[in-house]
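Heads up: numbering here begins at 1 and tracks the sequence. First listed ligand is number 1; within each ligand, the first listed atom is number 1. When reading the values below, keep in mind they use all heavy atoms of this one structure, side chains included, and skip hydrogens, waters and symmetry mates.
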Amino acid sequence: MNDRDPNDRDALVAERLAAVHERIARAGGTGVTVLPVTKTFGIEACWAAYRAGCTAVGENYAQEIVAKFGGLELPFHVHFIGQLQSNKVRQLAPLVAVFESVDRASVVAELAKRTPGVPVLVQVSAGHEQGKGGCEIGDAPALVRLAQEAGLEVRGLMTVGPTTGGPEEARAGFRAVRALTDRLGLAVCSMGMTADLEVAVQEGSTEVRVGSALFGERPPFRTLVR
Ligand SMILES: *Cc1c(COP(=O)(O)O)cnc(C)c1O
């Protein structure tokens, strides 16, 4: 992706985005947003997604966000979807429009201090995945309330399905997260990635976060950690 001819890259990303929209439609989704996940890909991937019609990109790593977007005026938003550490909030605050991975009180406090009123999603683990962040589903209502009381604009919930065992493994968790989104009166339910977006859409996702279906394989995680 990173070393392609720009016109080819734009055409390829546009074609792959159309294929993702097709998958969503076949799963019965309407009005589902696609958040292109551009972590590990250069800013060219973000521009290609933007030119294909996307208005935001998802990124996971604070250092990468600063290196990629620092000092730029961007016509698209950056959503933070990675594991969020309180000590990274200050540098992320000017660059990130929505924090999708708020999963504990200390992060709520830091966001309220550094970027008052910022839009957020509360990340729920739904019993899925160790090491992907997210609060227990039973703790989510209190965390949502805490974030609201701290003045953050809580738009909804986010969850990451299991990455092993196939997409059906995600269904029960996705259903529970959508039910809780509704019960809390929230609008956004961000769930589903390249491998499990059909199940997520069937269970009521309003936003799928899609990386490899748009940009190809990512380099192994190890090479990304500085
Ligand atoms: C990387 C990532 C994605 C995109 O994953 P793909 O399988 O490449 O679509 C979505 N959500 C989160 C939280 C991620 O870290």
Which ligand 1 atoms does Gly211 reach within 4.0 Å, using its non-hydrogen atoms?
4 (C), 6 (P), 8 (O), 9 (O)
With heavy-atom distances below 4.5 Å as the criterion, would you say the side chains of Ser101 and Phe80 are in contact?
yes
Pick out which of Leu121, Thr33, Thr181 makes a side-chain contact (heavy atoms from CB on, under 4.5 Å) with Val188.
Leu121
Check ligand 1 against Val160 and write out every atom of the ligand that is under 4.0 Å from a heavy-atom position of the residue.
13 (C)
Nearest-option assignment for atom 14 (C) of ligand 1, heavy atoms, candidates Gln83, Lys39, His79:
Lys39
With rounding to the nearest 0.5 Å, note down the distance linking CZ in Arg23 to NE2 in His21.
12.5 Å
At what distance is the nearest protein heavy atom to atom 12 (C) of ligand 1, and which residue and atom is it?
Ile81 CD1, 3.5 Å
Ligand 1 versus Thr194: contacting region, heavy-atom distance under 4.0 Å:
both
Do Ala195 and ligand 1 have an N or O pair less than 3.5 Å apart?
no
Which heavy atom of the protein is the closest neighbour of atom 10 (C) of ligand 1, given with residue, atom name and distance?
Met193 SD, 3.1 Å
Qualifying residue, where the test is salt bridge (charged side-chain N to carboxylate O under 4.0 Å, His left out) with Glu59 and the options are Lys88, Arg209, Lys68:
Lys68
Under 3.5 Å, is there a donor-acceptor pair between the side chain of Asp103 and the main chain of Gly134?
yes
Protein contact to atom 11 (N) of ligand 1 [nearest heavy atom, distance to 0.1 Å]:
Arg209 NE, 2.9 Å
Looking at residues at least two apart in the chain, or sitting in another chain, which of them share a side chain to side chain contact (heavy atoms under 4.5 Å, CB included) with Arg90?
Arg114
How far is atom 5 (O) of ligand 1 from its nearest protein heavy atom, and which residue and atom name does that atom have?
Arg218 NH2, 3.7 Å
Without swapping roles, check the side chain of Glu64 against the backbone of Thr40 for a donor-acceptor pair under 3.5 Å.
yes
Short list, please: which atoms of ligand 1 are under 4.0 Å from a heavy atom of Val210?
9 (O)
Between Met191 and Val98, is there a shared hydrophobic cluster once you connect ILVMFWY residues whose side-chain heavy atoms come closer than 4.5 Å?
no
Atoms of ligand 1 close to Asn60 [distance to a heavy atom under 4.0 angstrom, numbered from 1]
14 (C), 15 (O)
